[in-house]
Amino acid sequence: MALSNIWIVTEPSNGSFTTTSLELLTEARTLGGSISAITWGGDAALAAVAGEYGATTLYDVGDLAGALPGAPVASAIASLVGSVGTPDVILIPTSYDGRDVAGRLSARLDRPVLTNVTGLRDDGGLVTEHPIFGGTQTVRARFTGEGPGICVIRAKSFAAEASGGAAAAIAAAPAGDVGATGTATIAATHVEERVGPKLEEAAVVVSGGRGLGEADKYALIEEAAKLLNGAAGASRAIVDAGWVPYSHQVGQTGKTVKPMVYIACGISGATQHMVGMKGSKNIVAINKDPDAPIFQIADFGIVGDVHKVLPALIAALKARG
Amino acid sequence: MNIVVCVKQIPDPAAPQSLDASHNLNRSGKLILDEADTYGVEMALQLVDKAGAGEVTVVSMGSAADVAGLRNALAMGAAKAVIVSDDALRGTDALGTAKVLAAVIERERPDLVLAATESSDGYTGTTPVQIAELLGLPSITFAKSVQVEGTTLKVERQTESGYDEVTAPLPALVTVTAGVVEPRYASFKGIMAAKSKPLEILSVADLSLGDQTGPLGARQEIIDVEIAESRAAGEKYVDEGDGAERIVGFLESIKVL
């Protein structure tokens, strides 16, 4: 039995939707049925994008007036379930706001939520796939109660591809009164500038970990990344230690990257990190511990002191011009 | 100012992890306080200290066979601990967990609820916000700094491109990232004091949640678990001064250079 009705929370971003939102729309097309997108601050441009990726309806929660999306968007979706009926499943991107929407919607509808989903199959009903233990095992799961089930899906689980559909019809989906739950408000936004390609989009990612020894040594990572026209990444350990901003973090709680080559420098390969980079086409590791888990997934490993190998690599890259 | 911190005792992440016959995470070994929770405990202690009055209560769900993790939070300075421990709770999902924790938090009526962004074993990451919704509280997730001014909460919240300054009135719920504060180590005096601090163990019957918990309440099931296709380890060389050169060669072979 094919799925007949899929709803997707699509997060607005610079006049379009986030890449993960587009990935979910694309994957929903392969599962069949009608696709509706739910967004906020919707307009004709977003309706065009939603349609281009296969949605026929774009439900718009409207202007959130600075409120964090979690409460109002969950409330709007719960109202929609009441007014237009229950979809087979609601797909939500794994993101800061996506997880807020999912948690609140789950509690509001009293429906379970499956998180860290990286695969969806229609097997006489929806089957979800979840990597566990650093991706060494895959759990397949399904909802057993009344719908809609809620799935929170990790970035880069699917490729985003437009289908060239006509603009989606916009329908208002007001949040209604959310009381105290809607009182968290954004007072100011700060953008931390970074140079070079975006971490998630770079063909080359050079990442540093605890093995660098001290914060100042991260400059070597940035220099190597720049020479390779890539982006600089980091393990959770050195982000937690305050050496680099969170926006550099690769892993379970950070970004998922799938570059042409990922160069891990002084990173042992904790489960939490590997989940975010094991999809890379090629993995190079430099680590002084020959038994570091990172070597189990590295295509090319150098057992050595990152403080010697990395400066030598930088010098070699500079010599090439 | 009274603060509840949601904490979890988890299997030591350094030890190998496995699933049991019913596909639950094997938790039969030693349990420790999730390191991710120590940031919330520290943040709470600092906020109460700054407010000049109130106390920190840690709230948990899980096996009470080993409560060393909760004692650790008490040794850091929390005033009391409450854990809901019941065989009937095995197989409870994130929403069921949120219902249990929300029922306990409701009895405490705190000004602020803190939690980690996600646990380090299950990493579902939805339980705190589910608690906020069940209790009708505003929530701010992924905090990298938390301040309270009067009855207003001021949080710096991580975003994809940097951070937002977000405000909300108390009472509220906040999830904190590891960067928010540096957790203290329990002092000898703290460890001794923790031994006599109240640690209440509740059963699910104490909370009147009926069949909303356990595998029945979860309304989801694991069909199977498979060994994932693994990447094979490739070439590995010990650096003898030629490591950088070898890497350049590899980058050339995959046409990155």
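Every chain is numbered from 1 and lettered A, B, ... according to where its sequence line falls, protein lines coming before strand lines. All figures in this text were calculated on a predicted structure; none of them were measured in a lab.
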Short side-chain to backbone donor-acceptor contact, A/Arg111 and A/Glu146, under 3.5 Å: yes
Most chain B-contacting option - heavy-atom pairs closer than 4.5 Å, from A/Gln137, A/Arg104, A/Glu200: A/Arg104
Nearest heavy atoms of A/Phe295 and A/Ala285, plus distance in Å: CE2-O, 3.7 Å
Pairs of heavy atoms under 4.5 Å with chain B: top-ranked of A/Ala298, A/Ala102, A/Gly230: A/Ala298
Per-residue contact mode, B/Leu251 against chain A (heavy atom under 4.5 angstrom): side chain
Side chain, backbone, both or neither of B/Lys99 within contact of chain A (heavy atoms, under 4.5 Å): side chain
Choice from A/Asp100, A/Asp97, A/Val113 maximising heavy atom contacts with chain B below 4.5 Å: A/Asp100
Greatest number of heavy atom pairs closer than 4.5 Å to chain B - which of A/Val127, A/Ile283, A/Val152: A/Ile283
A/Asn116 and A/Gln252 side chains, donor-acceptor separation under 3.5 Å: yes
Contacting region of B/Ala218 [heavy-atom separation from chain A under 4.5 Å]: backbone
Side-chain donor or acceptor of A/Thr185 paired with backbone N/O of A/Thr183 under 3.5 Å: yes
Greatest number of heavy atom pairs closer than 4.5 Å to chain B - which of A/Gly145, A/Gly304, A/Ser247: A/Gly145
B/Tyr163/A/Tyr246 aromatic ring centres below 6.0 Å: no
Max heavy-atom pair count under 4.5 Å with chain B, selected residue of A/Val284, A/Ile314, A/Val303: A/Val303
Worked verdict on B/Glu149 versus B/Lys154 for salt bridge (charged side-chain N to carboxylate O under 4.0 Å, His left out): CA-CA 7 Å; B/Glu149 285 172 21; B/Lys154 294 193 167 179; 3.2 Å; yes
B/Lys255 versus chain A, the contacting section by heavy-atom distance below 4.5 Å: neither
B/Asp93 portion near chain A, given a 4.5 angstrom heavy-atom threshold: side chain
Side chain B/Arg157, main chain B/Thr141, donor-acceptor under 3.5 Å: yes
